[in-house]
Amino acid sequence: MLDIRFIRENQAAVETGMKNRGADVDVAGLLALDDQRRRVVTQVEGLKAEKNARSKQIGEVMKTGGDADAVKAQVREMGDSIATLDEQVRTLETSIREQLLYIPNVPSEQTPVGSSEEDNPVVRSWGEPKLADFELQPHWDLGQQLGLFDLERGAKLSGSGFPLFTGAGARLERALIQFMLDLHTEQHGYAEVAPPFFCNEATMTGTGQLPKFAEDMYAMPVDGLYAIPTAEVPVTNMYANEILDQALPILHTAYTPCFRREAGAAGKDTRGLQRLHQFDKVEMVKFTRPEDSAAEHEKLTANAEAVLQALNLPYRVIELCTGDMGFSASRCYDIELWAPAQEKWLEVSSCSNFGDYQARRANIRYRNEEGKVAFVHTLNGSGVALPRLVIALLENGQQADGSIVLPDALASYMRGNTVLTR
RNA sequence: GGAGAGAUGGCAGAGUGGUCGAAUGCGGUGGUCUUGAAAACCAUUGAGCCGAAAGGUUCCGGGGGUUCGAAUCCCUCUCUCUCCGCCA
């Protein structure tokens, strides 16, 4: 959420930011409400000051045995006006907050301006695309031939988009989770957490999923819970409503399944493991001082890339433009793996700097050098999402004989067996 | 699921109607002393909102009520702890 004072003092910049995002936001209308709110607050607080003073007088009069009934009646009347004005303030504050919750973050000045994914610049590439002298098979054929997953039975259990991994495929899923968690905890300095998979409304609001994106999530209304679409939600909100007294930055990594309704995405990339309602992901989350977040964002992205380099998979990093960036982000890199059989790039990681946008929503603060309380910056990135990583491993690792050779880095996690055969 | 107890500042823990944003201890910060450190001593130390400032106002788990006045009384919700039951 944006700071209403920031909007007040930077109206033009906020309006430009919204325009660059393609977001329709009535900044002037919001500021008019804010103006009204401040006027009423000033008025009601003056009344309260007077009322408090009179109440105190009543106490003194009564202590000396005097008669205070007349003053009491007067003060009671003041109380009535105060109640009316307080109600106005509450209404104004509620509607201001409602509007703020629907306003996306202002893009960073460094974020390239653009209207769609067409405008996302490629920042760098790593590795060479696979060349083969045989016809490459798509991962869904490979998976079926080698018995790595059974999507029909998965659909029987829950519907399409809920994968059932089997045999070496299930093992590979577990191996990758463990491999990535080990890498981030042992090499990159992240502290592992294992959070809840269902979160309440306040938590979902803290990171920006609610109120605007309720339709994208699985909900359990009986219990007031939502299935998490990413570990970002529980891990970022771990410190909601706290003033952190530990040294920053704080780095966490977590494995969780992720649940997405993918509302509106029906029919798109539905083949195989490309787009699922449930998938596994290892996530990295950072809490930093404002002045450190840009540098930490680069490191976070490098940490995600390290996973792909260790697995020797070709990828590219693109930067999302203003029109393609997520709701809460001020800056964002996507990492895409090359899927040689389908000849397309697959997004496996999204590394975002949220500035203080989420911290303000979730009320996560720290004490700066002057001892002042201030909002932290939050960042997160996938490190990385599993299904598309599996796609790349299968399609890149396939051999002419139909077997799949996995990278050596996974050997110890696969009990030494890095060749998947029938 | 049943019974009981509790929720106060970074932590511990007082406070049962006005003198309470809140004792005391610990911790934090600054200082005195010291070659340096420790100890001791002194001072200081919650957050939000309005305001240029002075200052004002709100907050003692959340919400509501009683009262001129609520951390304190009443209702309600949530959470935590203890015991019982059930259970991976």
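These numbers were taken from a predicted model, which means no experiment stands behind them. Only this structure's heavy atoms are used, side chains among them; waters, hydrogens and symmetry mates stay out. Note on naming: letters A, B, ... go to the chains in the order of the sequence lines (proteins, then strands), and numbering restarts at 1 for each one.
- Inspection of the Tyr255(A) and Glu192(A) side chains reveals no N or O donor paired with an N or O acceptor under 3.5 Å.
- Minimum atom distance to the side chain of Val75(A) is reached by C68(B), of the listed A47(B), C68(B), G56(B).
- For C49(B), the OP1/OP2 oxygens have no side-chain nitrogen or oxygen of Arg38(A) closer than 4.0 Å.
- For Ile243(A), the listed nucleotide lying nearest its side chain is A47(B); candidates were G69(B), C49(B), A47(B).
- Contact between the side-chain N/O atoms of Arg76(A) and the OP1/OP2 oxygens of U66(B) is not found at any separation under 4.0 Å.
- The residue Met62(A) sits close to a base: some heavy atom pair falls under 4.0 Å.
- In this structure, the nucleotide among C68(B), C49(B), G48(B) sitting nearest to the side chain of Arg5(A) is C49(B).
- A donor and an acceptor atom, one from each side chain of Glu395(A) and Gln137(A), are nowhere located under 3.5 Å apart.
- Contact annotation for Asn52(A): backbone-only contact, meaning every heavy-atom pair under 4.0 Å involves sugar-phosphate atoms and none involves a base.
- Summary of the strand contacts: Ala73(A) and Thr42(A) both lie near RNA chain B, and taking for each the nucleotide with the nearest heavy atom, the more 5' one is attributed to Thr42(A).
- Classified by interplanar angle (parallel below 30°, tilted 30° to 60°, perpendicular above 60°), the ring pair Phe162(A)/His277(A) is tilted.
- The side chain of Arg365(A) sits closest to A47(B) out of A47(B), G18(B), C50(B).
- Residue-environment remark: CD (Glu201(A)) stays at or below the threshold of 12 foreign heavy atoms within 6.0 Å.
- For Lys51(A), a side-chain nitrogen or oxygen approaches OP1 or OP2 of G69(B) to under 4.0 Å.
- Comparing U58(B), C50(B), G18(B) against the side chain of Ile58(A) picks out G18(B) as the nearest.
- Distance check on atom C1': A39(B) versus A71(B) gives 38 Å, rounded to whole Å.
- Ranking C49(B), U57(B), G69(B) by closeness to the Ala49(A) side chain, first place goes to U57(B).
- Mapped onto RNA chain B by nearest heavy atom, Lys56(A) and Gly46(A) fall at different nucleotides, with Lys56(A) at the one closer to the 5' end.
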